[in-house]
J.: 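Provided herewith is a single structure, encoded as structure tokens, for subsequent inquiry.
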Amino acid sequence: MKSQGTVRIGKNTLALFVMQVGTRGLTLWLMAQLSRSVGVEGLGRYILAMTAQGVALAVAEWGLNVYAIRELAHQPTAEDAATFMGALLGLKLALSLAMVGVLNLLIAPVFFPDRAALIALASWSLAPEALSNGIFALIRAKQRMEISSAVTLGVRTVATLGGVLLLARGYDERAALVAYNAGSFLGLLALVWLLRVWKLLPRFDTLRQTG
């Protein structure tokens, strides 16, 4: 038992380490390409849009991910886990869409009116990222960090490669945001496929019964 626990901890730690190093390296590559293609001003615009998106996402999460990991680790059956996932993802979708509205109708027009279009473009990834983070909670509750790390690294690879290629072809920072959005949507699709393989697709019937 101790050896199995040690192997599991080592595997998860290695997966997280590779993901952290990989994503940071890809981020540096994209930042370098942005600097070369659109200059410091374009890089600043991209960082502002992604910072606004990141803050909105953090607010939309409401600490649900930590709570979800704890709860999903103790669900007695797959049906219970699927029901919990239905409630969790429904709430996450509602919160993320609410933050899209706040970001685009209040924050951007008031504080960054000249960057509102870029922030709106960045906000497209709010909902898929919030939903993906909910599914990541299930994966981490199962202690399968190699899966969550692989998906995270894959999403960042798609976003970075797409952004670098588009920037190299003469597009501006908006193209990098489009590539980021594409990576987020593809990552969510991969996670939904995983839930189907695990037979843990979210159940929303209880939401209708209690609504």
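Keep in mind that the numbers below use all heavy atoms, side chains included, and drop hydrogens, waters and symmetry copies.
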J.: Could you check whether any side-chain heavy atom of Ile69 comes within less than 4.5 Å of a side-chain heavy atom of Leu138, counting everything from C-beta outward?
T.: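 A side-chain contact under 4.5 Å is absent here.
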
J.: Quick one: are Thr157 and Leu26 in side-chain contact, heavy atoms under 4.5 Å?
T.: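 Touching, per the 4.5 Å side-chain cut-off.
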
J.: Is any side-chain heavy atom of Leu166 less than 4.5 Å from a side-chain heavy atom of Asp172?
T.: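 When only atoms from C-beta onward are counted, Asp172 and Leu166 do not touch, as no gap falls below 4.5 Å.
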
J.: Provide the closest heavy-atom pair for Leu200 versus Ala78 in the form atom of the first, atom of the second, distance.
T.: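 Closest approach of Leu200 to Ala78, heavy atoms only: CD2-O, 3.3 Å.
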
J.: Do Val59 and Val102 have side chains that approach each other closer than 4.5 Å (heavy atoms only, starting at C-beta)?
T.: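 They are not in side-chain contact.
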
J.: Just checking, any donor-acceptor pair under 3.5 angstrom between side chains of Tyr46 and Glu41?
T.: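 Note: Tyr46 and Glu41 side chains miss the donor-acceptor criterion.
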
J.: For the OG1 atom of Thr152 and the CG atom of Leu16, what is their distance to the nearest 0.5 Å?
T.: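 Going from the OG1 atom of Thr152 to the CG atom of Leu16 covers 9.0 Å.
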
J.: Would you say Tyr180 and Met31 are hydrophobically clustered, going by side-chain heavy atoms of ILVMFWY under 4.5 Å?
T.: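 Yes, one cluster joins them.
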
J.: Between Asp80 and Thr77, is a side chain to side chain donor-acceptor pair (under 3.5 Å) present by the stated rule, with each step listed?
T.: CA-CA 5 Å; Asp80 291 329; Thr77 66; 2.9 Å; yes

J.: Quick one: does any side-chain atom of Ser123 pair with a main-chain N or O of Ala120 as donor and acceptor, under 3.5 Å?
T.: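 Yes: the side chain of Ser123 pairs with the backbone of Ala120.
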
J.: Rounded to the nearest 0.5 Å, what's the gap from CZ on Phe112 to CG on Leu103? Could you check?
T.: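 Output value for this atom pair is 9.5 Å.
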
J.: Using 0.5 Å steps for rounding, measure from the CD1 atom of Ile139 to the CG atom of Leu195.
T.: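 Going from the CD1 atom of Ile139 to the CG atom of Leu195 covers 7.0 Å.
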
J.: Starting from Leu91, can I reach Leu89 by hopping between I/L/V/M/F/W/Y residues whose side chains sit under 4.5 Å apart?
T.: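 Both belong to a single hydrophobic cluster.
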
J.: If you group Ile, Leu, Val, Met, Phe, Trp and Tyr by side-chain heavy-atom gaps below 4.5 Å, do Leu201 and Leu191 land in one group?
T.: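 Cluster IDs for Leu201 and Leu191 match.
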
J.: Grab the two heavy atoms, one from Leu121 and one from Arg174, that are nearest each other, plus how far apart they are.
T.: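 Heavy atoms of Leu121 and Arg174 come nearest at CD2-O, 3.6 Å.
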
J.: Could you please spell out the steps behind the side chain to side chain contact (heavy atoms under 4.5 Å, CB included) verdict for Ile135 and Leu188?
T.: CA-CA 9 Å; Ile135 301 173; Leu188 178 59; 4.1 Å; yes

J.: Return the minimal non-hydrogen interatomic distance between Ser184 and Glu129, and the atom names on each side.
T.: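 Where Ser184 meets Glu129 most closely, the heavy atoms are OG-OE2, 3.5 Å.
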
J.: Which atoms form the tightest heavy-atom contact between Leu177 and Ala49, and what is the distance?
T.: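 Closest approach of Leu177 to Ala49, heavy atoms only: CD1-CB, 4.2 Å.
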
J.: For Asn181, give me all partners under side chain to side chain donor-acceptor pair (under 3.5 Å), at least two apart in sequence or on another chain.
T.: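 If we apply the side chain to side chain donor-acceptor pair (under 3.5 Å) test to Asn181, skipping adjacent residues, there are no hits.
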
J.: Can you confirm whether Trp198 is buried at CH2, in the sense that more than 12 heavy atoms of other residues, nucleotides or ligands lie under 6.0 Å from that atom?
T.: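 Yes, the 6.0 Å shell around CH2 holds more than 12 heavy atoms from other groups.
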
J.: Provide the closest heavy-atom pair for Gly187 versus Val155 in the form atom of the first, atom of the second, distance.
T.: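 Where Gly187 meets Val155 most closely, the heavy atoms are CA-CG2, 3.5 Å.
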
J.: Could you pull out all residues at least two apart from Asn133 that satisfy side-chain contact (heavy atoms from CB on, under 4.5 Å)?
T.: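 Asn133 satisfies side-chain contact (heavy atoms from CB on, under 4.5 Å) with Leu57, Glu61, Asn65, Lys92, Phe136 only.
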
J.: Tell me whether Leu64 shares a hydrophobic cluster with Phe84, the cluster being built from Ile, Leu, Val, Met, Phe, Trp, Tyr side chains joined at under 4.5 Å.
T.: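 The answer is yes; both residues are in one hydrophobic cluster.
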
J.: Drop me the distance from Trp29's CH2 to Arg156's CZ, to the nearest 0.5 angstrom.
T.: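 Rounded to the nearest 0.5 Å, the CH2-CZ separation comes to 13.5 Å.
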
J.: Do you know which two heavy atoms are closest between Ser35 and Leu43, and how far apart they sit?
T.: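 Shortest heavy-atom separation between Ser35 and Leu43 comes out as OG-CD2, 3.3 Å.
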
J.: Between CG of Leu131 and CZ of Phe185, what distance do you get to the nearest 0.5 Å?
T.: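 Rounded to the nearest 0.5 Å, the CG-CZ separation comes out at 9.5 Å.
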
J.: Quick check: is Leu34 connected to Val40 through a chain of hydrophobic side chains (ILVMFWY, heavy atoms under 4.5 Å apart)?
T.: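 Cluster IDs for Val40 and Leu34 differ.
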
J.: Would you mind reporting whether Ile47 and Met50 have side-chain heavy atoms less than 4.5 Å apart?
T.: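 In short, these two side chains do not touch, never coming nearer than 4.5 Å.
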
J.: Any side-chain heavy atom of Ile147 sitting closer than 4.5 Å to one from Lys142?
T.: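 Not in contact.
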
J.: With rounding to the nearest 0.5 angstrom, report the CG to CG distance, Leu126 to Leu95.
T.: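 Taking CG in Leu126 and CG in Leu95, the distance rounds to 11.5 Å.
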
J.: Would you check if there is a donor-acceptor pair between the side chains of Ser125 and Gln53 at a distance under 3.5 Å?
T.: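 On atom types as modelled, these side chains qualify, holding a pair under 3.5 Å.
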
J.: Please step through side chain to side chain contact (heavy atoms under 4.5 Å, CB included) for the pair Arg115 and Arg45, ending with a clear verdict.
T.: CA-CA 7 Å; Arg115 300 288 181 261; Arg45 292 191 293 267; 3.3 Å; yes

